[in-house]
Amino acid sequence: MYVAQPIEWTEQGVVILDQRRLPAEEISHTYTDYQGVAKAIREMVIRGAPAIGVAAAMGVAIGVQKSAAKSIEELKAEFGVICETLAKTRPTAVDLFWALERMKQRFAELTKESADLARIRQALVTEAKEVHAEKKATDEAIGRFGAEYMPREGQVMTQCNAGALATAGIGTALGVIRVAYEQGRRIHVLVPETRPYLQGARLTAWELHRGGIPLTLITDNMVGHFLKTGKVGAIVTGADRIAANGDTANKIGTYQIAVLAKENNVPFYIAAPISTFDLSIASGEQIPIEERSAEEVTHIQGVRIAPDVPAARPAFDVTPSRYIAAIFTERGVAKAPYTESLRKLAGSVPAKAAN
Ligand code: MRU
């Protein structure tokens, strides 16, 4: 089955598929410096929490590889600037900070062991490639755990794009749907278009269509109608940050879907890697919510659709954990009370998902 490749480390640089141009065009850019990778994250060339993490790891690796530093001291100084630049790109997805932390730890280990700049450069490239490879394995495990919760047949709903484009693996929410479909479950996916940036219409519809998984695109304001009348068996979305109590930040619109799901007795699930947990914060109230440009609301693909008026533009919302039936991770399935189950999963060794 087709799996999109949003990012790749190559000899020439970091190759990123330009998601702003999908589905009309499949164009990739090769980034040869960390500033370029940071700009690509900020401007949504690459997006989706885990994929942003992979891009950040590769951004650090290319920054160190291309650094003109002649001594370990110079490299250390530049390393701080590289990490800071990448950290400032997008505030909500915690995978970004997880990946930067991992690269920082590796850098600290390496610089403690040796002052050989060539060796440090090479080892950081290896680490970034490992982050990428791990995301692939992680998604597959999430998919196997989550697929058990999908209906044998019928409709499922998602939100935004939590597919291969968003993770650099097979996807989290769409990974669950993909594995369930490959297991023979006769699933039909309802895809809300996900205004303002249309990740559902442009990216999820494209990925499912390319993968041969049946879908119907709906507008965001059809969600309630279909949850009431559409025989939806389950909803599964991704996450950008999960607080210690299970409150989950995800693309704007997720909260209203979760509330409508409860009202209509449809189970609402989150699929996300452990790297999306932020157990340092007690609840979703502490999750920073990114505000993007008002133009993403007043315009669609550069065409103005509203007069020149103020437009609200939070990119994410927080779904309280009481609306979440379960959280699928690569180490198993968390259920309420989340304060206990998430902590346990975060500290556990990977469990084996059922095949
Ligand atoms: O603004 P985006 O497109 O980066 O937002 C993406 C989402 O909200 C996804 O659902 C989330 O990052 C999970 S991706 C597996």
Side-chain angles (χ1 to χ4, degrees), residues 3-4 6-7 16-20 22 40-56 89-99 132 135-136 138-143 146 157-178 191-207 220 235-242 248-258 268-278 284 287-293 296-297 313-319 324 327-330:
V3 182
I7 186 163
I16 302 182
L17 176 65
D18 192 341
Q19 297 189 32
R20 300 168 306 180
L22 289 172
I41 297 172
R42 197 168 39 248
E43 295 182 355
M44 310 276 276
V45 176
I46 187 160
R47 31 65 52 200
I52 292 171
V54 175
T89 51
R90 298 195 68 189
T92 304
V94 81
D95 278 85
L96 170 73
F97 306 99
W98 170 87
H132 189 190
K135 290 289 160 208
K136 294 186 184 195
T138 297
D139 280 3
E140 277 160 27
I142 294 170
M157 189 183 280
T158 187
Q159 165 73 341
C160 189
N161 172 265
L165 289 169
T167 68
I170 60 165
T172 51
L174 290 195
V176 169
I177 289 170
R178 176 189 292 267
V191 180
E193 59 184 351
T194 316
R195 275 282 282 150
Y197 208 65
L198 296 171
Q199 288 95 331
R202 295 189 305 104
L203 308 177
T204 296
W206 180 79
E207 267 197 66
D220 297 328
I235 301 164
V236 56
T237 79
D240 284 83
R241 194 184 290 232
I242 301 174
T248 296
N250 191 49
K251 180 52 55 195
I252 190 79
T254 304
Y255 168 52
Q256 65 198 26
I257 296 177
F268 174 87
Y269 301 113
I270 294 290
I274 306 277
S275 54
T276 302
F277 291 6
D278 183 354
I287 299 177
I289 300 293
E290 178 180 10
E291 294 242 321
R292 295 192 58 85
S293 149
E296 288 181 8
V297 179
R313 67 268 193 193
F316 300 96
D317 59 26
V318 175
T319 298
I324 302 170
I327 299 176
F328 312 138
T329 78
E330 70 273 33

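Note that the coordinates shown come from a computational prediction; the quantities given were computed from them, not determined experimentally. Order of appearance sets the numbers: ligands from 1, and atoms from 1 within every ligand. The figures here come from the full heavy-atom set of this structure, side chains too, leaving out hydrogens, waters and symmetry mates.
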Protein heavy atom at shortest distance from atom 12 (O) of ligand 1: Ala49 N, 2.8 Å
Basic-acidic side-chain contact under 4.0 Å: Glu290, Arg292: yes
Contact partition for Tyr197 relative to ligand 1, non-hydrogen atoms under 4.0 Å: neither
Any Met44 heavy atom less than 4.0 Å to ligand 1: yes
Atom 15 (C) of ligand 1: nearest protein contact (heavy atom, Å): Thr172 OG1, 3.1 Å
Heavy-atom nearest neighbour in the protein, as seen from atom 13 (C) of ligand 1, with distance rounded to 0.1 Å: Ala239 O, 3.4 Å
Approximate separation, where rounding is to 0.5 Å, of Thr194 OG1 and Lys251 NZ: 8.5 Å
Nearest-0.5 Å distance, CD1 of residue Ile52 to CG of residue Leu96: 6.5 Å
Ligand 1 versus Arg90: contacting region, heavy-atom distance under 4.0 Å: side chain
Proximity to ligand 1 by part of Ala162, non-hydrogen separation under 4.0 Å: both
Under 3.5 Å: donor-acceptor pair, side chain of Gln159, backbone of Ile252: yes
Close approach of Pro50 to ligand 1, heavy atoms, under 4.0 angstrom: yes
Distance filter under 4.0 Å to Ala166 heavy atoms, resulting ligand 1 atoms: 14 (S), 15 (C)
Under-4.0 Å heavy-atom contact with ligand 1, by part of Lys251 that carries it: both
Pair Asp278 + Arg241: basic N to acidic O under 4.0 Å: yes
With sequence neighbours excluded, residues passing side-chain hydrogen bond (donor to acceptor under 3.5 Å, both in side chains) with Thr167: Asp139
4.0 Å heavy-atom contact, Cys160 with ligand 1: yes
Close-contact set for ligand 1 against Thr167 heavy atoms, below 4.0 Å: 15 (C)
Ile46 side, atom CD1; Ile7 side, atom CD1 - distance, nearest 0.5 Å: 4.0 Å
Side-chain ion pair, Glu43 and Arg20, N-O less than 4.0 Å: yes
Nearest non-hydrogen protein atom, atom 8 (O) of ligand 1: Asp240 OD1, 2.9 Å
Pair Lys135-Ser275, side-chain donor/acceptor within less than 3.5 Å: yes
Residue that, paired with Pro273, satisfies side chain to side chain contact (heavy atoms under 4.5 Å, CB included) out of Thr329, Thr138, Ile242: Thr138
Interfacing atoms of ligand 1 (cut-off 4.0 Å, heavy-atom, Gln199): 1 (O), 2 (P), 3 (O)
Nearest neighbour in protein (non-hydrogen) for atom 10 (O) of ligand 1: Asn250 OD1, 2.6 Å
